[in-house]
Amino acid sequence: MIELLRRFGGKFRRYMVIGPACKLIEVIFDLLTPLVIAQMIDQGIGAHDVDAVIRYGVVLAAMAVIGISFTLVCQKMAALTSQGMGTDIRGALYQHINKLSYAELDRFGTPSLITRITNDVNQVQLAVALGVRMLIRWPFLAVGSMCAALAIDLKLGVIFLICTPAIGLVFWVVMARCIPYYKQLQAKLDRIALICREGLSGARVVRAFVREDHERERFAQAADDQAHVAIAVGKLSSILNPVTFLVMNLGVCAILWVGGIQVNVGELTQGQVMAFVNYMTQTLTSIVYVANLVVVFTKASASASRINEVLNCEPSITDEGNQPVALPEPGAMVAAAPVSALSFDHASFSFGAGAANAVDDVTLELPLGKTLGIIGGTGSGKSTLVSLIPRLYDAGAGGVSVMGANVRTWPLDQLRHVVATVPQRASLVSGTIRSNLTWRDETATDEELWAALDMAQASEFVRNKPQGLDAPVEAGGKNFSGGQRQRLTIARALVGDPQILIMDDSASALDFKTDAALRHAIRERSTRGAAEGGLPLTTVIVSQRVSTVRDADIICVLDHGSVAGLGTHDELYATCQLYREICQSQLRREELEGQQGSAALASAPTAPASACAKEGC
Ligand SMILES: Nc1ncnc2c1ncn2[C@@H]1O[C@H](COP(=O)(O)OP(=O)(O)OP(=O)(O)O)[C@@H](O)[C@H]1O
Ligand SMILES: [Mg+2]
């Protein structure tokens, strides 16, 4: 909590001084009130002096008005500080989360990050507001009332000195047991958020598989879990009020008893006894409020440490000090040696210590303007391999280079501008088609957007919308079909002239004809780019379909993260058993028969030795 105050409180320091100062003035009036009432009783009511009663009544009213005015100022300061700090913390968290790499995001988990940015910030906000309003009030009132009471009469003070520690002890015992539960409550809340998110975002799938009951049960269990902890805390803290009021009222009885005797012998006045009762009630009530403050601050400190955990998490992928990388001259293309657009040098990656490598010792090189096809079974590491290129993850061992420079030496903005990725899960955000397409280049003209849509085979359905590029997109692109979403994400990647295009299974929802038209358009764009004096487009196509990758210049067959085969379609068909099996399971008989002849040619002694990396292929 202190760390958050240090980080975000500076701007609000003025409010944090003015607020409690105003509260202090209100507390002073609160402390004076019993004394004025005592005078009113002794000089007014006791002496049957109506004028004195009215006089002290006016004084009390004036004190109340002044007290309320200062309270209002304090409330405003508390609101400005807590809301301002809450907004700043939320903004900083959101900004920081956007800087984290996939590895850190995986570690925290999206639901937990959402709870931290919403519920945890709210807890801190509440504590700050209470802090400004009450942190001074209750302790000051407790101590002030105690001193004032002792100043009235030391004998009665003994009762005071017995009751106060008794209540303090009860609080200490109860709170010590409650605090661990508050920490657990936040974790339980994370779990509820996780289940809500999964259940609501996957509502269609849940219904399609008739899993509603299962999901309901899962949610009920998580909610029960949270409720159990909350009830346990509730039970513990429910002891507090009865015990406190019991001690308090016993104390009041004792004061009235002993005080009454003293009034009879003339040692004290009635007004003084009433003032004593008021001070005692004020002190003990203050202790109850202080304890409530402790609860709020305990919860807030658990929340603050969860917020700090995110804010202190250094992004593992940074580009500090990296200088812009010079792209190859278009003239380099005509040079004898091909320029490497992309290369993996014994690259490996695993999702955590002890986990098997998701990418295992991959070495390959793709010249500028060529197409790399990556094929392999589900979970073979295709997406992970391509995510190493724009540094969504960093290779744990080995290296990945783009345009001849290790990706770790690139400024991230430049790298991710040169490399455009179409992710496996097509995701759009609420807005318009235009706002979704201009992510990579906000200044893109309509002409450029239509060209990208044309290439992505998406222009037809966009043209059919009355608002065209300004047609609305709902959250997650829900108002588009799966195939339309995919085409829009492909178009988005093509805006802003990327030099390397990665399509991660991005054509899976396209029919074969559209898929072929898309690849043809990309190839055409690549050659046109080169002919117009620019760099040709280098493409990486990830797919489980042979038909999508068979025309690629190099095909990489992945198996459990490692390269099972590398070469052209014909070479691999002849030499890689895994690739042949994939082809046999997908291609029609005529296509395979046509294949036998070319395979024979490819397997002739001139075939490159690199064609198959796996034993038995
Ligand atoms: N965020 C993650 N955390 C932990 N393990 C992961 C994560 N993402 C992927 N994996 C694991 O890494 C391996 C490779 O996953 P990857 O997504 O790269 O496969 P893929 O070849 O793209 O599969 P698909 O064809 O289904 O898209 C899998 O075994 C998977 O379980
Ligand atoms: Mg994948």
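Below, all heavy atoms of this structure are taken into account, side chains as well, without hydrogens, waters or symmetry copies. Atoms within each ligand, like the ligands themselves, are counted from 1 in listed order. All of these numbers come straight from a predicted model, not from anything done at the bench.
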Query raised in the report: Taking the minimum heavy-atom distance to atom 8 (N) of ligand 1, which of Phe351, Tyr102, Tyr393 ranks first?
Result: Phe351
Requested in this report: Hey, could you give me the CG/CD1 distance between Asp120 and Ile307, rounded to the nearest 0.5 Å?
Outcome: 5.5 Å
Report summary line: With sequence neighbours left out, the residues meeting ring-ring contact (aromatic ring centres under 6.0 Å, His included) with Tyr393 are Tyr102, Phe349, Phe351
Query raised in the report: In the protein, which heavy atom is nearest to atom 26 (O) of ligand 1, and how far is it?
Result: Thr378 CG2, 3.2 Å
Query raised in the report: Are side-chain N/O atoms of Glu3 and Asn312 paired as donor and acceptor at under 3.5 Å?
Result: yes
Query raised in the report: For atom 18 (O) of ligand 1, what is the nearest protein heavy atom, given as residue, atom name and distance?
Result: Thr384 OG1, 2.5 Å
Query raised in the report: Is it the case that Arg463 places NZ or CZ above or below the six-membered ring of Trp450, under 6.0 angstrom from the centre and within 45 degrees of the axis?
Result: yes
Report summary line: One finds that the ligand 1 atoms under 4.0 Å from a non-hydrogen atom of Ser383 are 17 (O), 18 (O), 20 (P), 22 (O), 27 (O)
Query - Ser380 and ligand 1 - part of the residue with a heavy-atom distance under 4.0 Å - result: both
Report task. Go through the side-chain N and O atoms of Ser459 and Asp454 and say whether any donor and acceptor fall under 3.5 Å apart. Result -> yes
**Report entry** Any donor-acceptor N or O pair under 3.5 Å, side chains Thr409, Asn322
**Finding:** no
Query - N, O or S of Gln424 under 2.8 Å from the Mg ion (ligand 2) - result: yes
Query raised in the report: Does ligand 1 have an atom under 4.0 Å from some heavy atom of Asp106?
Result: yes
Query raised in the report: Any idea which of Ala355, Gly379, Ala103, Ala356 brings a heavy atom closest to atom 28 (C) of ligand 1?
Result: Gly379
Query - Gly561 near ligand 1 by a heavy-atom separation under 4.0 Å - result: no
Query raised in the report: Which atoms from ligand 1 have a heavy atom of Gly377 less than 4.0 Å away?
Result: 21 (O)
Query - Shortest protein contact, atom 27 (O) of ligand 1 (heavy atom only) - result: Gln424 NE2, 2.7 Å
**Report entry** Sequence-distant partners of Glu215, salt bridge (Lys or Arg N to Asp or Glu O under 4.0 Å), two or more places apart
**Finding:** Arg218
Query raised in the report: Is a side-chain donor-acceptor pair under 3.5 Å present for Asp515 with Thr548?
Result: yes
Query raised in the report: Does atom 31 (O) of ligand 1 have a protein non-hydrogen atom under 4.0 Å from it?
Result: no
Query raised in the report: N/O of Gly381 under 3.5 Å from N/O of ligand 1, yes or no?
Result: yes
Query raised in the report: Can you list the steps and then say if Gln544 with Asp505 is a side-chain contact (heavy atoms from CB on, under 4.5 Å)?
Result: CA-CA 7 Å; Gln544 298 204 16; Asp505 221 356; 4.2 Å; yes
Requested in this report: May I ask you to check if any N/O/S atom from Ser383 comes under 2.8 Å of the Mg ion (ligand 2)?
Outcome: yes
